[in-house]
S.K.: 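Take this structure, written in structure tokens, and hold onto it; I'll ask about it next.
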Amino acid sequence: MYHILEARIRKALRDFIRRRYDADVQVPIERPPRIAMGEVASPVCFELAKRLKRAPRHIAQEIANQIGKIDGVERLEVAGGGYLNAFLDRAGFFAATLSGVTKGPAEAPADAPKNIVEHTNINPNKAAHIGHLRNAALGDSFVRLLRHAGRRVEVQNYIDNTGVQVADVALGFLHLEKKSAAEVRALAAQPRFDYFCWDLYARVTQSFETEPARLALRGDTLKAIEEGHGAVAELAEIISTTIVRCHLRTMERLGIEYDLLPRESEILHLKFWDAAFQQLKARGAIRLATSGKNAGCWVMQMSDAEGGTQNEGDEDADSKIIVRSNGTVTYVGKDIAYQLWKFGLLGRDFHYSRFHTHPSGHTVWVTRADDGEADAPPFGHAAQVYNVIDSRQAYLQNVVVAGLRALGFDSQADRSMHFSYEIVALTPRCAKEMGYELSPEDAQRSFVEVSGRRGLGVKADDLLDRLEAAARAEVDSRHPQTPEIERAAIAHIIAIGALRYFLLKYTRNTVIAFDFKDALSFEGETGPYCQYAIVRARNIWRKLAEQSRQLVEKADSSGSDSAFFDSCSPESLKAFLAAPEGDELWEMLLLAGSFGAQVEAALAAQEPAFVAKYAFQLAQAFNNFYHKHHILSEEDPSRKAFLLTLTKLVERQLVLALDLLGIEGPEKM
RNA sequence: GCGCCCGUAGCUCAGUUGGAUAGAGCGUCUGCCUUCUAAGCAGAGGGUCGGGGGUUCGAAUCCCUCCGGGCGCGCCA
């Protein structure tokens, strides 16, 4: 509701200024610092003062006097040196917000432009860790935001099943474990295969240092895996597919689901790169270097705009190798091909088959080189692409975009977004707590980077287990009579709430220094705090239901909150919200009605943290309200109905906000 | 060397396109459970927004510079 009024006021001011002063200005809109100064403010008169060469306060006064009625605005006041402050019609805002809530977000039509969000993308050679969780939580939350805004979204989780990381673990099984494919298959059927590989991967990496000769095996192993034939390839296939299933299971614990798993093996076997290479050569996007250090390589010239380093006279420094002198393609080259495919610009497609069914019943598809299932939905052909990748890969993402641009696909280049975020690191204390030896330099730093190669990191499932155990202990102490299954379910919801909130409350470009103390906290600015506000709201209604069946049934049958709302008269409503006594209730209502504005801002900034912040503020306002007003013992039936409606409204907005973060509101906790 | 990001309370972080008296959580201290659950509420204390210059009616926010930190720049992925 708030954003609608904001836009309306902006437009009214702009139109009036154009008419009255013949001036076309940007109208800045902001929130006044205190509610006593109104709800929407504009400092537009300061800018206008410059142009008209008149005192801003006088202009503001003139506008306030002459602009006339703006729908939803009670009055306009002049404040300070020339601010225009709008005071909203509180009762009207209440009614409008209530009716807005019942509508709910629009579902995207099947032919709407498609947004592809690529996230998670964990190398399928070891267990998922805390850093992967941030990627997936951000990606999934952004998907929820897009869908909430009525956009059609396809979620892809890219699987690099033919890379060195998988090759290294395959090497480990062959040479360190001395296991056959059949033995590995048996091991893969056991639980926690991803944990086993986590350790094995670290051991292999270490063995490369103690026995450098083994490193020479890597090239052949990689080649065998890429070609997809023989025992080594079979081994790699078992490893990667099993671990992808482990990752899906881990992500399902957080409620994260996917549409498609595009795999590197199919990009290779279906010769996606060849198709991209043809285009790049034909359009002169890449050229064969004949001299210098890159002689024999196909390189792409990076323009200044796309992150070239602009070293004068040194062409090599600004060019990125796409095809090596031995004819093999680099990682970025494959990525350009994949990005072209996402936009439907490659001229080739995968085959697809069903891979997995999520608990919701949703099917995850996987790419195939042949023998696809005939009823596969159409994938790719996006209008907009978001790649959720950490900020260290900014340069490579720029190369991909530069590739699109060099091919003449400017609009697709503009619609390729690197949804960038900073990594999750460990505090030195946390690393030590987990038994890692730190170098003296590392111990001095404020954080230590997670390293899959070294086996340094907090595994996602371990963290989830600890969170669930901690939540379970709390639930057990509060609800000893509740059935065991229910207590476990509540503990799970709380654990996910704590974890997802923790991962999403930081803005994307903040490095999270992970510590168990903060992550395991259920108090203060946390997910459980927000969930608790929902539980409190629901408890009021549950108790009410026990007291008076009738009222509740009336509300239920009408399918909206307005049944209660109707039982308090417009006059009394106005009185309840009137300043100054009604200011606190009004502020909470205003916040509840600002959900749409917050979502808009979060979407514009691509920042799920805005939603997290909003949910916390609303929960805080509600907890305060809960403390001050004992609703069920309220004697004035009209006021009681009003407070109950407010409670319901806040509960719904909180549920919506948390849902965008992938967090559920429990019935009790 | 070049490029990008960051520096805000003891700690961890917010601060939307420049706006009114810079906010929150944690931690510390003090209160509040006979009420709809204390995973809560109220209060106290805590700041030269890294330093210095500039632009502006107005700067944590924009520009320059210095200091301090992070990341990237590979015929790895």
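Chain A is the first sequence line, chain B the second, and so forth, proteins listed ahead of strands; every chain is numbered from 1. For the numbers below, each heavy atom of this structure counts, side chains included, while hydrogens, waters and symmetry mates do not. Here the structure is a predicted model, which means the values were calculated and not measured.
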S.K.: Does A:Arg324 have a side-chain nitrogen or oxygen under 4.0 Å from the phosphate oxygens OP1 or OP2 of B:A77?
M.R.: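 Yes, because at least one side-chain N or O of A:Arg324 sits under 4.0 Å from OP1 or OP2 of B:A77.
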S.K.: Taking the same atom, C1', in B:G45 and in B:C11, what whole-Å distance lies between them?
M.R.: 16 Å
S.K.: Within the structure, does a side-chain N or O atom of A:Tyr614 lie under 4.0 Å from either OP1 or OP2 of B:G15?
M.R.: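 Answer no for this pair, as no side-chain N or O of A:Tyr614 is under 4.0 Å from OP1 or OP2.
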S.K.: Is A:Tyr626 stacked on the base of B:G40, meaning ring centres closer than 5.5 Å and planes within 30 degrees of each other?
M.R.: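 Stacking is absent between B:G40 and A:Tyr626, given that the ring centres and planes do not meet under 5.5 Å and under 30°.
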S.K.: Regarding A:Asn123, tell me which of base, sugar-phosphate or nothing describes its non-hydrogen contacts under 4.0 Å with the strands shown.
M.R.: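 Nothing: the residue A:Asn123, judged by heavy atoms under 4.0 Å, touches no strand.
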S.K.: Whole angstrom is fine here: how far is it from CD in A:Gln397 over to C1' in B:C4?
M.R.: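 Value for this atom pair: 15 Å.
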S.K.: Let's test your reading of the model: under 3.5 Å, does the base of B:A20 pair with the side chain of A:Asn85 as donor and acceptor?
M.R.: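 When only heavy-atom distances are counted, A:Asn85 does reach the base of B:A20 through a donor-acceptor pair under 3.5 Å.
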S.K.: Taking all non-hydrogen atoms of both residues into account, name the closest pair between A:Gln531 and A:Ile663 and its distance.
M.R.: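 Where A:Gln531 meets A:Ile663 most closely, the heavy atoms are NE2-CG2, 3.4 Å.
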S.K.: Could you list all N or O pairs between the protein and nucleotides 24-26 of chain B that sit under 3.5 Å apart?
M.R.:
unit_1: B:A24; atom_1: O3'; unit_2: A:Gln620; atom_2: NE2; d: 3.4
unit_1: B:G25; atom_1: OP1; unit_2: A:Gln620; atom_2: NE2; d: 3.1
unit_1: B:G25; atom_1: O2'; unit_2: A:Glu525; atom_2: N; d: 3.4

S.K.: On the side chain of A:Thr510, is there an atom forming a donor-acceptor pair with the base of B:C13 - under 3.5 Å, no angle test?
M.R.: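 Looking at the base of B:C13, it does not pair with any donor or acceptor on the side chain of A:Thr510 (distance under 3.5 Å).
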S.K.: Has the side chain of A:Arg34 got a donor or acceptor atom sitting under 3.5 Å from an opposite partner on the base of B:A20?
M.R.: no
S.K.: Counting any heavy atom closer than 4.0 Å, what does A:His418 reach on the DNA or RNA strands: base, sugar-phosphate only, or nothing?
M.R.: nothing
S.K.: Establish, with yes or no, whether the OP1 or OP2 oxygen of B:G19 is under 4.0 angstrom from a side-chain nitrogen or oxygen of A:Arg31.
M.R.: no
S.K.: Where each pair must be Watson-Crick or G-U wobble with both distances under 3.5 Å, what dot-bracket representation of RNA chain B is obtained, with crossing pairs in [ ] and other-strand partners as |?
M.R.: (((((((..((((.....[...)))).(((((.......))))).....(((((..]....))))))))))))....
S.K.: Can you tell me the distance, in whole Å, between the CD1 atom of A:Ile512 and the P atom of B:C13?
M.R.: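 Going from A:Ile512 (CD1) to B:C13 (P), I get 9 Å.
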S.K.: Between B:C57 atom P and A:Lys53 atom NZ, what is the distance in whole Å?
M.R.: 11 Å
S.K.: Given B:G70, is OP1 or OP2 found less than 4.0 Å from the side-chain N or O atoms of A:Arg445?
M.R.: yes
S.K.: Can you name the nearest heavy-atom pair linking A:Gly333 to A:Ile322, along with the distance?
M.R.: CA-CG2, 3.9 Å
S.K.: Tell me if B:C49 is syn or anti. Syn = glycosidic torsion within 90° of 0, anti otherwise.
M.R.: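 Anti conformation here, the glycosidic angle of B:C49 being more than 90° from 0.
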S.K.: Would you indicate what A:Ala601 reaches in the nucleic acid, counting non-hydrogen atoms under 4.0 angstrom: base, sugar-phosphate, or nothing?
M.R.: base
S.K.: When you check the phosphate oxygens OP1 and OP2 of B:A42, does a side-chain N or O of A:Asn624 lie under 4.0 Å from one of them?
M.R.: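 A:Asn624 to B:A42 OP1/OP2: side-chain N or O found under 4.0 Å.
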S.K.: Can a side chain N or O of A:Tyr331 be found less than 4.0 Å away from OP1 or OP2 on B:A77?
M.R.: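 No.
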S.K.: Applying a 4.0 Å non-hydrogen cut-off, can you work out what A:Pro28 is touching in the nucleic acid: base, sugar-phosphate, or nothing?
M.R.: nothing
S.K.: If you look at every strand shown and take non-hydrogen atoms under 4.0 Å, does A:Ala295 touch a base, only sugar-phosphate, or nothing?
M.R.: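 A:Ala295: base contact, heavy atoms under 4.0 Å.
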S.K.: Heavy-atom nearest nucleotide on RNA chain B for A:Arg10 versus A:Tyr506: which residue maps closer to 5'?
M.R.: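 Looking at RNA chain B, the more 5' nearest nucleotide goes with A:Tyr506.
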S.K.: Measure the acute angle between the ring planes of A:Phe514 and A:Phe516, then classify it against the limits of 30° and 60° as parallel, tilted or perpendicular.
M.R.: perpendicular
